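A short write-up of the structure that comes next.
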Amino acid sequence: MREFRYERAADPAAAVALLAAEPEGAFLGGGTNLVDLMKLGVATPDVLVDVRRLTSAEITDLPDGGLRIGAAVPNADLAADRRVRERFPVLSQALLAGASGQLRNRATTGGNLLQRTRCPYFTDVTTPCNKRAPGSGCSALEGVHRNHAILGPTLEGPGTCVATHPSDMAVALAALDASVRVLGADGERVVPMSGLHRLPGDDPSRDTTLRHGELITAIDLPALGMPSRYRKVRDRASFAFALVSVAAAVRVVDGVVDDVRLALGGVAHRPWRATVAEEALRGRPATEESFAAAAGAELAAAVPLRDNAFKVPLARNLVVRTLLQLTEDPR
Amino acid sequence: MDTEITLRVDGAAHPLTVDTRTTLLDALRERLRNTSPKKGCDHGQCGACTVLLDGRRVNSCLVLAVTVDDADVTTSDGLAAGGEPHALHRAFVEHDAFQCGYCTPGQICSAAGVLAEARAGWPSGVTDPGEDGGDLTDDEIRERMSGNLCRCAAYANIVPAVAEVAAAEGVRR
Ligand SMILES: Cc1cc2nc3c(=O)[nH]c(=O)nc-3n(C[C@H](O)[C@H](O)[C@H](O)COP(=O)(O)OP(=O)(O)OC[C@H]3O[C@@H](n4cnc5c(N)ncnc54)[C@H](O)[C@@H]3O)c2cc1C
Ligand code: SF4
Ligand code: FES
Ligand code: FES
């Protein structure tokens, strides 16, 4: 591991100023991803600015029935919060479907959003990887890619990358139309979840649209007002990353879909908001047939690799099951 | 880069100079010679290094020692107050909840965390939506302990050991 200086700042603005002067420095949240990547030689910061207790660790009510989640709120506390469980069960369930009790106790909301892909070549510095070492190639394209992307990857050129974003929480936040409050050297800005994570495009080294030294301070959740749920399929019953997951919310009036939110995890370089399926569902009867047609429309864009085509029917079936479950038993 | 810290471990304060790269796990084992927490994977994947940090279970292999110089660290050793085994220690022995014992201190600290989380009503991934998480059924124990792997696969005895203490503490109906 590269040597680094460890810094604490007096307040968020001071932390931002500190990092602005350190092009190779990084913020440290719970460290459950960053320290791991530093041990592996994938992340090599020369300065760590500890922000775990710097941003708010509170969850506060917003006037419209929404919630503001401080970036330092531990994943475990967010999942257990009664307001989250009552108003946004999809978020609580997504968090509880991820990692382990120990990790959730230490991991922060901000760090969870910015955790990096679990692609095995990204974490192995002896192999080519365009995300870690731009221009070196993508080992996963022809290699082990059973758990890689089926939607929106870059399949050729120097930007080739078929990795997925690993966060469960982020999938729920995408479905919830959350927005991310960010503090930079030029002040504060608000980034909608739909504009935070990127597709690989021609630069897979960048997971998000954030600039170096921008600090996530809080996440805002607008009121939802419909039942919601998270379902995750993985290789073992617990403590494993998603093969495919779905975050869904739906409101049915007189047998017709009045409003719906759908996001998929484990299928793309970013949490995948299923806008095509949502569009296909609004105003349609809330039946298994409409759910299947909408999921099929979304997945028509899938470009599976040699060994991950199973994710296409898996995603379709998971969307249908989750929507059926939500409309039949909308707890 | 050397930094001075004080680690409070199992009730005693230890002033230490550590390289910033030192994890809490390495500081405990290599510097303080507290070999209760074990190094299995060193990547957060096995739970052998689990300790309680201000009462909450964490993986000490992913915690940098410099970040916790104001926290109370409790290892499985420290749960044996005054040399008296903790209820979880006794239950693990009675139920034969191990073979080699390597994962056991991590399992014990994790189980202590599970009991506290259940007392606080925290749900888990298998709790019915809308329900409180205060009833540690076998399924709940399996889910909540899933961050602790046992290479000897003593799971069949770990679950009843944790269940016994959960029942005694009123978090299992
Ligand atoms: C074995 C294992 C299994 C896991 N399983 C799952 C799983 O199933 N599902 C899942 O979703 N996750 C899983 N995780 C990942 C886990 O959720 C993340 O490691 C955790 O959420 C990261 O949070 P942190 O606070 O520890 O981040 P850190 O490791 O501290 O930081 C992560 C990144 O975010 C940056 N950062 C941190 N805070 C801020 C901030 N406020 N502003 C700007 N940048 C910031 C850091 O610089 C770093 O780049 C797993 C992890 C492990 C080790
Ligand atoms: S999929 Fe992306 S992260 Fe994985 S090897 Fe290819 S470029 Fe690297
Ligand atoms: S050694 Fe820490 S989780 Fe395995
Ligand atoms: S008892 Fe041997 S690893 Fe668990």
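The chains referred to below are lettered A, B, ... by the order of the sequence lines, with proteins before strands, and numbering in each begins at 1. Here the structure is a predicted model, which is why all the values come from computation and not from measurement.
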Most heavy-atom pairs under 4.5 angstrom with chain B, which of A/Leu103, A/Leu48, A/Asp50? A/Leu103
Minimal heavy-atom distance between B/Pro123 and A/Ala79, with the atoms involved, is CG-O, 4.2 Å
Taking atom OG1 of B/Thr3 and atom CZ of A/Arg5, what is their separation to the nearest 0.5 Å? 11.0 Å
Is it the backbone or the side chain of A/Ala97 that comes under 4.5 Å from a heavy atom of chain B, or both, or neither? neither
For a 4.5 angstrom cut-off between non-hydrogen side-chain atoms, does B/Pro129 reach A/Arg229? yes
Do A/Arg106 and B/Thr67 meet the criterion of a side-chain donor-acceptor pair at a distance under 3.5 Å? yes
Here the gap from B/Leu52 atom CG to A/Asn105 atom CG, rounded to the nearest 0.5 Å, amounts to 9.5 Å
Shortest non-hydrogen contact from B/Arg56 toward A/Ala76: NH2-CB, 4.0 Å
Just by modelled atom types, is the B/Asp42 backbone N or O under 3.5 Å from a matching donor or acceptor in the A/Lys39 side chain? yes
Enclosure of B/Glu94 CD (heavy-atom neighbours >12, cutoff 6.0 Å): yes
Assert top hit (heavy-atom pairs under 4.5 Å, partner chain B, pool A/Met38, A/Glu86, A/Arg53) equals A/Arg53
If you count heavy-atom pairs under 4.5 Å between each of B/Glu143, B/His43, B/Met145 and chain A, which one has the most? B/His43
Examine distances only and state if a side-chain atom of B/Thr20 and a backbone atom of A/Phe4 form a donor-acceptor pair shorter than 3.5 Å. yes
Who among A/Arg104, A/Lys232, A/Arg236, A/Arg2 has the most heavy-atom pairs with chain B under 4.5 Å? A/Arg2
Got a second to check how far A/Ser100's OG is from B/Arg144's CZ, nearest 0.5 Å? 13.0 Å
Using a 3.5 Å cut-off and no angle test, enumerate the donor-acceptor pairs between side-chain atoms of residues 106-113 of chain B and protein atoms at least two apart in sequence or in another chain.
residue: B/Ser110; atom: OG; partner: A/Gln102; partner atom: NE2; Å: 3.4
residue: B/Ser110; atom: OG; partner: B/Arg57; partner atom: NH1; Å: 2.9
residue: B/Ser110; atom: OG; partner: B/Asn148; partner atom: OD1; Å: 2.7

Could you look at A/Leu95 and say if it's the side chain, the backbone, both or neither that has a heavy atom under 4.5 Å from chain B? neither
Looking at B/Asp69 and A/Arg8, is any side-chain nitrogen of the basic one under 4.0 Å from a carboxylate oxygen of the acidic one? yes
For the atom pair CG (A/Asp46) and CE (B/Met1), what is the distance rounded to the nearest 0.5 Å? 8.5 Å
Spacing of A/Asp77 atom CG and B/Trp122 atom CH2 [to the nearest 0.5 Å]: 4.5 Å
